[in-house]
2 protein chains.
Amino acid sequence: MKRTILSYSLALAALISMLKLLEYRFLVHTLSLEIYLGLIAILFTVLGVWVGLKLTQTKPLPVSQLNYQVDFQFDPARLEKFGISKREYQVLDLMARGLSNQEIADTLFVSLNTIKTHSSNLFLKLDTKRRTQAVQKAKELRLIP
Amino acid sequence: MKRTILSYSLALAALISMLKLLEYRFLVHTLSLEIYLGLIAILFTVLGVWVGLKLTQTKPLPVSQLNYQVDFQFDPARLEKFGISKREYQVLDLMARGLSNQEIADTLFVSLNTIKTHSSNLFLKLDTKRRTQAVQKAKELRLIP
DNA sequence: ATTAAAATCATACTTTCGGGTGATGCGACT
DNA sequence: AGTCGCATCACCCGAAAGTATGATTTTAAT
């Protein structure tokens, strides 16, 4: 985490420097200061959105909305019974929504390999061989809605 | 959602206007342009983070339906709506139980290739790319329990 | 401060899925 | 008699999923 923050800071610093260089260029070319400021504002807003998403990490995806909610109740105790970690649970949830490993990786902002590791561990803990089996079993066990 | 986006846009516009006013003030007071730019950058980064978080917030679902496999009832009419044949339905059902294509083939005493054909056709008819997605969608559509 | 668990990522390899294409046989319907 | 839908199967190929192993980094608990 420290590392990420550091890299973001560096990226930000680099961006600012770059912008400063550009600044003089633009100004001598008589581009209005307002437009320039607007561009900076937009750019950093986008950057902010990006940073915000990165830092908060979790963001469930729709894919196929039509979300029907059952009398399902999230129960950490049940997860603990199977030794399923928070991250693994997130992966399981997205799996159940029909996402591919790559899509899950993109959603959680981690690499494909990481998701493969998580899912492999899930299969061990749920004693299943495939994702479809894992999802089915997790539903039976009321681990997911 | 449109409303939120609109309000954010307005807020942004207001901010920009405000900043433009400030701009002249600051400039006549000989505050360095670099510092000013940096402030804008930081401000809009923060704004971006805020907007990003707001936009990705998942709202809780209404507790409308409290049912899921309770009221399931096999309905050939629904299948027909999607053009799903008897055999394809069987494959879909076994798929949802977590069986691999090979296992389904063994269960139905046909070849693996046949199951592949059936499942491919299923994906077409359900407009899905993966078996997990197909199963999920079929459950939503109440095609299977 | 140390330690244990969790999370991350990589590389290499095997298996399973899924798409595309084409072919055959069978019953039903007209 | 012809055609249409369904079921069956084959072959190829690329993509995705899954296994195994090892490593580093974060986080949480003691």
Side-chain angles (χ1 to χ4, degrees), chain A residues 1-8 53-59 61 63 76-77 79-138, chain B residues 76 79-138:
Chain A
M1 183 52 87
K2 281 174 188 170
R3 194 177 205 158
T4 36
I5 289 181
L6 194 70
S7 14
Y8 292 145
L53 290 182
K54 275 285 189 179
L55 288 181
T56 56
Q57 301 275 315
T58 51
K59 188 186 79 172
L61 214 67
V63 162
L79 291 183
E80 215 162 314
K81 245 187 85 177
F82 293 88
I84 295 176
S85 72
K86 245 179 296 175
R87 209 53 162 165
E88 284 163 356
Y89 179 76
Q90 291 180 314
V91 172
L92 177 60
D93 183 44
L94 294 174
M95 224 178 231
R97 291 184 150 84
L99 275 72
S100 71
N101 282 340
Q102 184 61 63
E103 288 169 343
I104 297 175
D106 294 342
T107 302
L108 300 180
F109 299 107
V110 295
S111 88
L112 174 60
N113 285 314
T114 303
I115 301 303
K116 284 187 177 186
T117 303
H118 285 323
S119 54
S120 270
N121 290 333
L122 270 171
F123 301 148
L124 278 180
K125 291 171 181 177
L126 288 174
D127 188 30
T128 53
K129 293 194 195 314
R130 282 170 290 284
R131 51 178 42 225
T132 40
Q133 237 182 53
V135 168
Q136 164 67 6
K137 193 155 186 179
Chain B
L79 292 183
E80 215 162 314
K81 247 186 82 178
F82 292 88
I84 295 176
S85 72
K86 245 177 297 177
R87 208 53 163 167
E88 284 162 357
Y89 180 75
Q90 292 181 312
V91 172
L92 177 59
D93 183 43
L94 295 174
M95 224 177 230
R97 292 186 148 84
L99 274 70
S100 73
N101 282 342
Q102 185 60 64
E103 289 168 344
I104 297 175
D106 294 342
T107 302
L108 300 179
F109 299 107
V110 295
S111 89
L112 174 60
N113 286 313
T114 304
I115 301 303
K116 283 187 176 184
T117 304
H118 286 323
S119 55
S120 272
N121 290 332
L122 270 171
F123 299 150
L124 278 180
K125 290 171 182 176
L126 288 176
D127 187 32
T128 52
K129 293 194 197 313
R130 285 171 286 285
R131 52 182 37 227
T132 40
Q133 232 182 54
V135 168
Q136 163 69 4
K137 194 158 187 177

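Every chain is numbered from 1, with letters handed out A, B, ... down the list of sequences. Hydrogens, waters and symmetry mates are skipped; everything else that's a heavy atom, side chains included, is used.
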Requested in this report: Take the protein atom CZ of Arg87(A) and the nucleotide atom P of dT25(D), then report the distance between them rounded to whole Å.
Outcome: 19 Å

Requested in this report: Send over the distance from Leu124(A) CG to dA6(C) P, rounded to a whole Å.
Outcome: 14 Å

Report task. With a 4.0 Å heavy-atom cut-off, tell me which residues in residues 99-111 of chain B come close to DNA chain D, sorted by residue number. Result -> Val110(B), Ser111(B)

Requested in this report: Rounded to the nearest angstrom, tell me the gap between atom NZ in Lys116(B) and atom C1' in dC11(D).
Outcome: 10 Å

Query raised in the report: Between Lys137(A) and Leu126(A), is there a donor-acceptor pair closer than 3.5 Å when you use the side chain of the first and the backbone of the second?
Result: yes

**Report entry** Test item: side-chain donor near acceptor, Thr117(A) and Thr114(A), under 3.5 Å
**Finding:** no

Query raised in the report: Where each residue is assigned the nucleotide of DNA chain D containing its nearest heavy atom, which of Ser85(B) and Leu112(B) is assigned the position nearer the 5′ end?
Result: Ser85(B)

Query raised in the report: Closest to the Arg130(A) side chain: dG18(C), dA10(C), dG18(D)?
Result: dG18(D)

**Report entry** Distance in angstrom units between Tyr89(B) OH and dG5(D) C1', rounded
**Finding:** 21 Å

Requested in this report: Could you state the atom-to-atom distance from CE of Met95(B) to P of dT16(C) in whole Å?
Outcome: 15 Å

Report task. Output yes when at least one side-chain N/O atom of Arg131(A) is less than 4.0 Å from OP1 or OP2 of dG18(D), else no. Result -> yes

Query raised in the report: Between Gln133(B) (side chain) and Lys129(B) (backbone), is there a donor-acceptor pair under 3.5 Å?
Result: yes

Query raised in the report: For the side chain of Lys125(A) and the backbone of Phe82(A), is there at least one donor-acceptor N/O pair under 3.5 Å apart?
Result: no

Query raised in the report: Whole-Å distance between dG19(C) P and Lys125(B) NZ?
Result: 14 Å

**Report entry** salt bridge (charged side-chain N to carboxylate O under 4.0 Å, His left out) evaluation trace for Arg130(A) with Glu103(B)
**Finding:** CA-CA 12 Å; Arg130(A) 282 170 290 284; Glu103(B) 289 168 344; 2.7 Å; yes

Requested in this report: Return the 5'-most residue of the pair Thr114(B), Thr132(B) with respect to DNA chain D, ranking by each residue's nearest nucleotide.
Outcome: Thr114(B)

Query raised in the report: Does any non-hydrogen side-chain atom of Arg87(B) lie less than 4.5 Å from one of Leu108(B)?
Result: yes

Query raised in the report: Reckon Ser120(A) has a side-chain N or O less than 4.0 Å from the OP1 or OP2 of dT19(D)?
Result: yes

Query raised in the report: CG of Asn121(A) to NZ of Lys116(A): how many Å apart, nearest 0.5 Å?
Result: 14.0 Å

Query raised in the report: Just checking Thr117(A): base, sugar-phosphate only, or nothing, at a heavy-atom cut-off of under 4.0 Å?
Result: base

Report task. Can you tell me the distance, in whole Å, between the CG atom of Asn113(A) and the P atom of dC9(C)? Result -> 9 Å

**Report entry** Presence of His118(A) side-chain N/O under 4.0 Å of dT8(C) phosphate oxygens OP1/OP2
**Finding:** yes

**Report entry** Nearest-Å distance for atom pair CG/P, residues Asn121(A) and dT8(C)
**Finding:** 12 Å

